[in-house]
Each structure stands twice: as structure tokens, then as C-alpha cells.
K.L.:
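I am attaching a structure below and will ask some questions about it afterwards.
Lettering follows sequence order; numbering is per chain, from 1.
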There are 2 protein chains.
Amino acid sequence: MEQTTSRTVDEVLSLLRSRGGRITAARRQLLEALFASTAHRTAEDLASEVQSLAPEIHLSTVYRNLDELERLGVIVHTHLGHGPAIYHLAGSAHGHLVCEQCGKAVEAPDRLFSGLSSEALARFGFRIDPRHFAVLGRCRDCSP
Amino acid sequence: MEQTTSRTVDEVLSLLRSRGGRITAARRQLLEALFASTAHRTAEDLASEVQSLAPEIHLSTVYRNLDELERLGVIVHTHLGHGPAIYHLAGSAHGHLVCEQCGKAVEAPDRLFSGLSSEALARFGFRIDPRHFAVLGRCRDCSP
DNA sequence: TTAAATGCAAAGAATTTGCATAACA
DNA sequence: TGTTATGCAAATTCTTTGCATTTAA
């Protein structure tokens with residue numbers, strides 16, 4: 001698993017390199033953090049993780065690199081209603097059901113959106129991207 | 001139409017009153033603005049409209065009254081991905097398809113979400129509220 | 001008269017930007 | 001050596017809060 005992770009981090013760094021970017025400690029650390037878990041993490045969360053190993057890496061650097069990685073298609077971010085955006089590797093991205101009451105976020109499989117996708121496309125020519133937004137509502141525990 | 005609008009504004013003011021609230025100029029103006037159009041308006045937009053008639057009404061008062069009206073169920077707010085929330089009368093609320101590219105927001109009829117609603121309920125016990133979040137994606141004009 | 005609402009200023013959260021310095025290639 | 005990226009501080013955007021004052025009832 002170490003190997004897989006490292007190989008993929010290096011692949012992304014090569015991609016960055018091939019686009020004229022540079023391989024820096026901040027980028028490597030951030031990618032290691034992104035590949036290390038599929039948890040729902042904000043820019044601050046990721047900065048904290050990175051800073052536990054390299055405290056000098058600044059939050060603004062993390063934001064800039066997250067932007068860059070998103071432009072490259074390596075990651076996507078999702079707005080969970082209120083509050084900060086969360087970031088995922090593009091490969092492990094998924095939809096979210098977020099409870100307006102307790103705030104809990106549940107992962108939603110893509111097929112949950114297949115009906116909505118095809119209807120939105122047919123009726124409005126609109127291609128939805130279920131990984132970029134959160135579906136708000138009430139979870140089982142918070143339903144009246 | 002004037003009459004209808006006024007009557008409904010007054011109804012909401014009565015509701016407020018019945019809950020121990022007070023009928024103020026700021027609240028009346030804000031409600032007039034809310035009833036006057038179904039456009040997608042932010043707190044700032046609404047404040048500007050209100051301020052064109054009563055310049056002393058402060059943005060923070062608008063925010064406080066929007067919160068209050070939402071607590072009463074008179075309005076709902078929606079997060080359109082990035083940027084500020086928009087507010088609608090609860091009766092005329094609807095879902096939104098928001099283009100990530102050009103930012104344009106299209107109203108989505110509730111029935112677009114009926115499949116997603118029943119699946120989310122069946123599989124996750126989750127009751128979605130399609131009016132509280134925006135569906136992000138690409139509109140026809142911005143599709144590749 | 002008195003609790004509720006307002007105006008204003010200031011704080012807060014999340015994110016972005018300007019700029020001098022550092023460091024990859 | 002010449003960009004590119006970083007650190008830091010400051011600015012931005014959206015929203016909330018504290019507090020003294022006003023006002024509806």
C-alpha cells in the first residue's frame with residue numbers, strides 16, 4: 001500500500017512537472033495527505049495534517065495547491081451547504097447526503113443520481129456533476 | 001396584485017406578531033421586497049432594494065429578519081455552490097441547476113427530484129430537500 | 001414601561017491576493 | 001539564472017454578534 005500511494009503521488013507530481021509546474025515539499029506533503037485517506041477534509045484539515053510534518057507550510061499554500069490540483073483534474077471539491085468546502089481525489093469522489101439538522105454527511109453512490117442526471121440532460125441539456133454539491137435534507141435519525 | 005401582495009405581507013406580519021414579534025418598518029419593507037419578485041436575490045440584493053426606500057435599514061437587520069422569517073417557515077435560503085445564499089418565499093421555492101462554468105442558475109421543477117427523493121428515502125432513510133441546495137454541473141451552452 | 005428590534009461597528013469564518021524572498025530546474 | 005512557488009500579512013467576501021439606543025405595543 002505504501003508503494004501504491006507513493007507511486008501515485010509521484011505520478012501526480014510528474015503530471016504537474018509536465019505542465020510546467022515544480023515539485024516542492026509542500027506539494028508532495030499535500031498529495032501524501034490526500035492519498036492517505038478518503039475522509040471528508042477541508043483545506044484547514046489538510047493544512048493541519050501537512051503541518052504536523054512540515055509546520056512551515058502555510059494554509060494559503062495549501063489553498064493554492066488545492067486549486068492547482070483541481071485544475072489538473074486530480075481532485076475535486078464539494079460544498080456541503082454551510083461551512084467550508086471539502087476535498088477528495090477525483091477517483092474517489094462521490095455524492096453526499098448532508099443532514100441540515102445534525103450536519104452528518106453520508107456518501108451517496110453515483111447511481112443514486114442516474115435518474116436525475118438523465119432527466120436534467122433530457123429536459124434542460126444540463127449535465128449534473130453529483131460530486132460537486134451536497135444533497136441537503138434530514139437523515140433518518142433527525143427525521144420528524 | 002397590489003392587494004394580493006399587501007394582504008400576504010400583512011398575513012406574515014400577523015404571524016410574526018402572534019409569535020411575540022413586532023411589526024417594524026424594516027420587516028414590512030423586507031417582506032414587500034420578498035413578495036415583489038421571485039428573482040434569485042441575496043441578502044445584499046434585498047438590502048439594496050429595501051434601502052432604496054428606507055436607506056437607514058442596515059444589512060445586519062436584513063440578515064436578522066431573514067433568519068427570523070426562515071424560522072417561521074416564510075422563506076427558505078439556498079446555497080448556490082460558491083458565493084452568497086439566495087432567498088425565496090417558501091411557497092415559490094424550487095430547486096436550482098447552477099452552471100459551474102458560467103454561473104447561470106436555472107429553476108428546476110420539483111418533479112425532477114422525485115426519483116432521487118424516493119431512492120434516498122428507501123436506501124438511506126434520508127429525506128432530501130431539493131430547495132435547499134443547488135445542483136451543480138454544466139449548462140447546455142457550456143457543455144463540451 | 002419594557003421586551004424586542006435596530007444601527008453601527010467590530011468580529012468571525014473561509015478564501016484570495018500582493019509582494020518580497022526562497023528554491024526548483 | 002530565471003521563473004515558479006512559498007510565507008506572511010493583509011484584503012475580500014459573506015455572515016454573525018455585542019452593545020447602546022430606539023421603538024412597538
Side-chain angles (χ1 to χ4, degrees), chain A residues 10 12-31 40-48 50-51 53-72 74-87 103 132 134, chain B residues 9-10 12-31 40-48 50-51 53-72 74-87 100 103 132 134:
Chain A
D10 284 341
V12 175
L13 289 172
S14 299
L15 174 63
L16 257 164
R17 191 75 205 79
S18 74
R19 304 288 182 96
R22 290 175 182 185
I23 296 173
T24 66
R27 286 176 173 175
R28 188 179 292 276
Q29 300 289 352
L30 177 58
L31 284 166
H40 295 152
R41 285 169 300 170
T42 65
E44 283 228 26
D45 294 336
L46 289 162
S48 296
V50 160
Q51 284 163 1
L53 294 163
E56 76 282 3
I57 295 175
H58 198 273
L59 178 57
S60 68
T61 299
V62 169
Y63 272 110
R64 278 190 277 231
N65 283 324
L66 287 170
D67 285 354
E68 185 63 25
L69 291 171
E70 190 152 33
R71 241 173 278 128
L72 291 177
V74 174
I75 61 172
V76 297
H77 76 276
T78 307
H79 300 280
L80 300 184
H82 304 270
I86 59 169
Y87 295 84
H132 279 200
Chain B
V9 167
D10 284 342
V12 174
L13 289 172
S14 300
L15 175 62
L16 257 164
R17 192 75 204 78
S18 74
R19 305 285 183 99
R22 290 173 182 185
I23 297 173
T24 65
R27 286 175 172 175
R28 189 180 292 277
Q29 300 288 353
L30 177 57
L31 283 166
H40 295 152
R41 286 169 300 170
T42 65
E44 282 228 26
D45 295 337
L46 289 163
S48 296
V50 160
Q51 284 163 0
L53 295 163
E56 76 282 2
I57 295 175
H58 198 272
L59 178 58
S60 68
T61 299
V62 170
Y63 272 110
R64 278 190 278 231
N65 283 325
L66 288 170
D67 285 354
E68 184 64 23
L69 291 172
E70 190 153 33
R71 243 173 276 128
L72 291 176
V74 173
I75 62 172
V76 297
H77 76 277
T78 307
H79 301 280
L80 300 185
H82 304 269
I86 59 169
Y87 295 84
E100 301 171 322
H132 278 201

K.L.:
What's the CG-P distance between A:D67 and D:dT4, to the nearest Å?
P.N.:
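Interatomic distance, CG of A:D67 to P of D:dT4: 17 Å.
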K.L.:
Working note: B:D45 + B:S48, criterion side-chain hydrogen bond (donor to acceptor under 3.5 Å, both in side chains); need CA distance, chi angles, decisive distance, verdict.
P.N.:
CA-CA 5 Å; B:D45 295 337; B:S48 296; 5.8 Å; no
K.L.:
Tell me every residue that passes ring pair (Phe, Tyr, Trp, His ring centres under 6.0 Å) with B:H79, counting only those two or more places apart in sequence or in another chain.
P.N.:
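Checked B:H79 against ring pair (Phe, Tyr, Trp, His ring centres under 6.0 Å); matches are A:H82, B:H77.
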K.L.:
Go along nucleotides 2-11 of chain C 5' to 3' and tag each nucleotide: B for a protein heavy atom under 4.0 Å from its base, S when only backbone or sugar atoms are that close, - otherwise.
P.N.:
-BBSBBB---
K.L.:
Can you measure A:L66 atom CG to C:dT16 atom C1' for me and round it to whole angstrom units?
P.N.:
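Between C1' of C:dT16 and CG of A:L66: 13 Å.
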K.L.:
Tell me every residue that passes side-chain contact (heavy atoms from CB on, under 4.5 Å) with A:A26, counting only those two or more places apart in sequence or in another chain.
P.N.:
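Only A:T24, A:I57, A:T61, A:N65 meet the side-chain contact (heavy atoms from CB on, under 4.5 Å) criterion with A:A26.
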K.L.:
Using side-chain heavy atoms (C-beta onward) and a distance below 4.5 Å, is A:V76 in contact with A:Y87?
P.N.:
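They are not in side-chain contact.
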K.L.:
Take the C1' atoms of the five end pairs on each side of the helix from C:dT1-D:dA25 to C:dA25-D:dT1, get both axes, and report the angle to 10 degrees.
P.N.:
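End-to-end axis angle for the helix from C:dT1-D:dA25 to C:dA25-D:dT1: 20°, rounded to 10°.
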K.L.:
Identify, with sequence neighbours excluded, every residue that meets side-chain contact (heavy atoms from CB on, under 4.5 Å) alongside B:L53.
P.N.:
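side-chain contact (heavy atoms from CB on, under 4.5 Å) list for B:L53, sorted by chain: B:Q29.
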K.L.:
Is the closest side-chain heavy-atom distance between A:R41 and A:I86 below 4.5 Å?
P.N.:
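The answer is no; the side chains never approach within 4.5 Å.
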K.L.:
Over all heavy atoms of both residues, which pair between B:G81 and B:A134 is shortest? Give the atoms and the distance, please.
P.N.:
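For B:G81 and B:A134, the tightest heavy-atom pair comes out as N-CB, 4.5 Å.
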K.L.:
Restricting to non-hydrogen atoms, name the atom on B:A43 and the atom on B:L66 that form the minimum distance, rounded to 0.1 Å.
P.N.:
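Closest approach of B:A43 to B:L66, heavy atoms only: CB-CD1, 3.8 Å.
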K.L.:
Atom CZ of A:R28 to atom C1' of C:dA25: distance rounded to whole Å?
P.N.:
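Atom CZ in A:R28 sits about 15 Å away from atom C1' in C:dA25.
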K.L.:
Does atom CD (B:E70) have a neighbourhood of more than 12 heavy atoms from anything else shown, all under 6.0 Å?
P.N.:
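Yes.
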K.L.:
Is any side-chain heavy atom of A:D10 less than 4.5 Å from a side-chain heavy atom of A:R28?
P.N.:
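In short, these two side chains touch, coming nearer than 4.5 Å.
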K.L.:
Check the pair A:E68, A:L16 against side-chain contact (heavy atoms from CB on, under 4.5 Å), reporting the backbone distance first and the verdict last.
P.N.:
CA-CA 9 Å; A:E68 185 63 25; A:L16 257 164; 3.9 Å; yes
K.L.:
Taking only nitrogen or oxygen atoms into account, show me every contact under 3.5 Å that the protein makes with nucleotides 12-15 of chain C, one pair per line with its distance.
P.N.:
residue: C:dT15; atom: OP1; partner: A:A85; partner atom: N; Å: 3.2
residue: C:dT15; atom: OP2; partner: A:Y63; partner atom: OH; Å: 2.6
residue: C:dT15; atom: O5'; partner: A:Y63; partner atom: OH; Å: 3.4

K.L.:
Measure CZ/A:R71 against P/D:dT4 and give the value in whole Å, please.
P.N.:
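Taking atom P of D:dT4 as the reference, CZ of A:R71 is at 13 Å.
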K.L.:
Output the rounded distance in Å from CD (A:E70) to C1' (C:dT16).
P.N.:
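A:E70 atom CD is separated from C:dT16 atom C1' by 15 Å.
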